[in-house]
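Notes for the one structure printed next.
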Amino acid sequence: MDKFRMMFQFLQSNQESFMNGICGIMALAAAQLYSAFEFTCPCLPEHNYAYGIGVLLVPPVWFFMLGFVLNNNVSMLAEEWRRPLGKRGKDPTVLRYMFCSVSQRALIAPVVWISVTLMDGKSFLCAYSLDLDGGRFTSPGFSFENNASVSQEDLTRMMAKIPCKEIYDGGHMVVREAVTRYLRCVSQAFGWLFLLLITFAAFMIRAIRPCFTQAAFLKTKYWSHYIDIERKMFDETCTEHAKSFAKVCIQQYFESISGELPSPHGHRPHRSDGDDDSDDEEKHLSDEDKLLGIRAQDDMNRVLWNWHTCKPPLSLRRDGPDGDPGNEHVNGSAHYVQMKEMAEYTSTV
Amino acid sequence: MERLKLVLQYFQSNSESISNGICALLALISVKLYTSFDFNCPCIAQYNKLYGLGVMFVPPIILFLLGVLINRHTGVMMEEWLRPIGKRSKNPAVIKHLFSGMIQRSLLAPMVWILVTLLDGKCFVCAFSMNVDPRHFSGIPNNTGLEMTKLLAKVPCKEDAIFLNTTFRKAVSRYVRCYSQAIGWSILLLLILLGAVGRVVKPCFNHANSLQTRYWSNYLDIEQKLFEETCVLHARDFARKCVVQFFEGMRDDSVLRLPLARALITRPCRRDEFEEEEEEERLHGITRQEQVDHMLHTWYQCKPELDVTKMAYKPRACITWEDDRGRAVFSDV
């Protein structure tokens, strides 16, 4: 458990290594899925090819799309692509960079699946066993020229059964192991070549890229990272705002039900003298404050009833009169304090 | 657990250790890859050599390219090599040091693969069983009707029925394996000798210079890491200020015209007022549903420009100070 926590903390340390972690996990999942998958070739001439190639190519497409789905940056990319220009221009290189990095990470699991499938050889064997020329792998002492009774169709059907050890019945004509070995060897050769190609392409992209546009690359990397951070900051600020909004809204609701305004904080002379223990004072204040003017059972019932039947509008009052520009225009130093006093005076009536 | 943490800390202590750690990891991966790879010799005369030598040499190329890719110093070296001179002169010795370090580390995993292949012997047997002189071995099955090359090509495949009841296959196989292991051990010995000699002889040449080069190549790596970290922190601050500036910009235009006395109180001295102020600060002047909706809509439709100069130097709301007759005495707007 401790090991997992450490790994998790290390991976969470920044967004990129988190994505790399997800990528690695998906690659391992692909390899594990292949070994857990029970490959059953149909051993029928019409279906072998479809099954073999299907197992080779369909799961990679699925892994690729899963890679896109699991990547948080995809929604960020889509947002940045579709947004109107507004006051900020759009940089196509940033979009390209984000798309490339998302695609690169999503490609790792499919590559792992394809290489593992090719190295194992079963799907190749299933797909191509009937395309082989049976005459190259005849049993010792048998020859197709001498036995004309074996029609092409029979031969094809027999070759199609080669991937299935238990039902293969042409052992006297074509050596099964030789065909298996040959096809697996071809499959593994393709597998290694595929890996070499992919690694070479990755090498060209990463090691040779600094030769071109290094300064521009730094810029794009900064701004794509910035967009991600900005989105998170916006969400955080919205959450904070919503919390404060809710708090003040509920406070004002309670006040409106109770009919009392909270005592203006500047006007508590009995609390301001010589009270050094500010914690105690605060506790006192906050307990009194927390009541928000509701002190009777009826009031509380009214609060609860109205909360459902008649929710307050989403519009917070400022301190003092309700947003009336005329009243807010004050000149003179004592007017603000006077304004508060005035409000308090009128509402207790 | 503690030991693992200590090991990890040691490896993360400087960039050279990290590179060494990754390089060792890649070597272990190559061994694991070899043991899990199902070697499958075709046992056909034309393809044996191709397959055997292919399995011996193609994966090392892949591992070498991977080693270069994963190494952090590749990026540092390429950047240092290609940058314009600017105000800092270039030191070719540093670039050479980085390059040689990178190449040495990347060569470890391929060498491990080749050595493991040779010591195991399967590839060698597959590739070279046909080059053996069969006259040295007794028990050749001569009733199969196959020519000698084809027969020898089948030696790597144990299951083949033609080799039952003879010791021919095992003898040839063991002979070629013995060759393979001899070559493997010799290469290993050679490499170790080279390494030892290189280590011993290196301080005789330019030790002071090599200390300098090592220092500066380490410095370049650290500098790049710090630059990336600073960029991240800067982006964070930039984003926060930009978002707050956007919120403030959504405030209604009816700015409270406050009298001087109130405006002079920069921070209330009482904790309760402080809390209230904080709460209002967080609201950024957005206090109605329409305002919130408008704010969210504008965030998408019309993103603010990337300019936080106003915010960076003026963290509070813009205040207009007026005198009794309503004339602006001073204004932040």
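Chain identifiers are assigned alphabetically (A, B, ...) following the order of the sequence lines, protein sequences preceding nucleic acid strands; residue numbering begins at 1 within each chain. The shown structure was predicted, so the numbers you read here are calculated from the model rather than taken from an experiment.
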Ignoring hydrogens, what is the shortest heavy-atom contact between [X] and [Y]? Give both atom names and the distance.
X        : Y        : answer
B/Val232 : A/Ile229 : O-CD1, 3.9 Å
B/Ile44  : A/Phe137 : CD1-CE2, 4.2 Å
B/Cys242 : A/Tyr226 : CB-OH, 3.5 Å
B/Leu69  : A/Thr199 : CD1-O, 4.4 Å

Do the rings of A/Phe234 and B/Phe247 sit parallel, tilted or perpendicular, given the 30° and 60° boundaries?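 Because their plane-to-plane angle lies in the 30° to 60° range, the rings of A/Phe234 and B/Phe247 count as tilted.
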
For the pair A/Tyr222 and B/His234, name the ring-plane relationship: parallel under 30°, tilted 30 to 60°, perpendicular over 60°. tilted

Among B/Pro156, B/Pro42, B/Cys157, the one residue meeting side-chain contact (heavy atoms from CB on, under 4.5 Å) with A/Arg181: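 By the side-chain contact (heavy atoms from CB on, under 4.5 Å) criterion, A/Arg181 pairs with just one of B/Pro156, B/Pro42, B/Cys157: B/Cys157.
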
If you draw a 6.0 Å radius around CZ in A/Arg83, do more than 12 non-hydrogen atoms from other residues or ligands fall strictly inside? yes

Under the side chain to side chain donor-acceptor pair (under 3.5 Å) test, which residues partner A/Asp235, sequence neighbours left out?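 Testing A/Asp235 for side chain to side chain donor-acceptor pair (under 3.5 Å), a comparison that skips the adjacent residues, returns none.
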
A/Cys238 versus chain B, the contacting section by heavy-atom distance below 4.5 Å: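 Its backbone and side chain both get close to chain B.
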
Counting only heavy atoms closer than 4.5 Å, note whether B/Leu82 contacts chain A via side chain, backbone, both or neither. side chain

Going by side-chain hydrogen bond (donor to acceptor under 3.5 Å, both in side chains), name the pairs with one or both residues in residues 36-63 of chain B, residues two or more places apart or in two chains.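 As it turns out, the side-chain hydrogen bond (donor to acceptor under 3.5 Å, both in side chains) pairs with a partner in residues 36-63 of chain B, which skip direct neighbours, are A/Arg184-B/Asp38, A/Gln188-B/Tyr51.
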
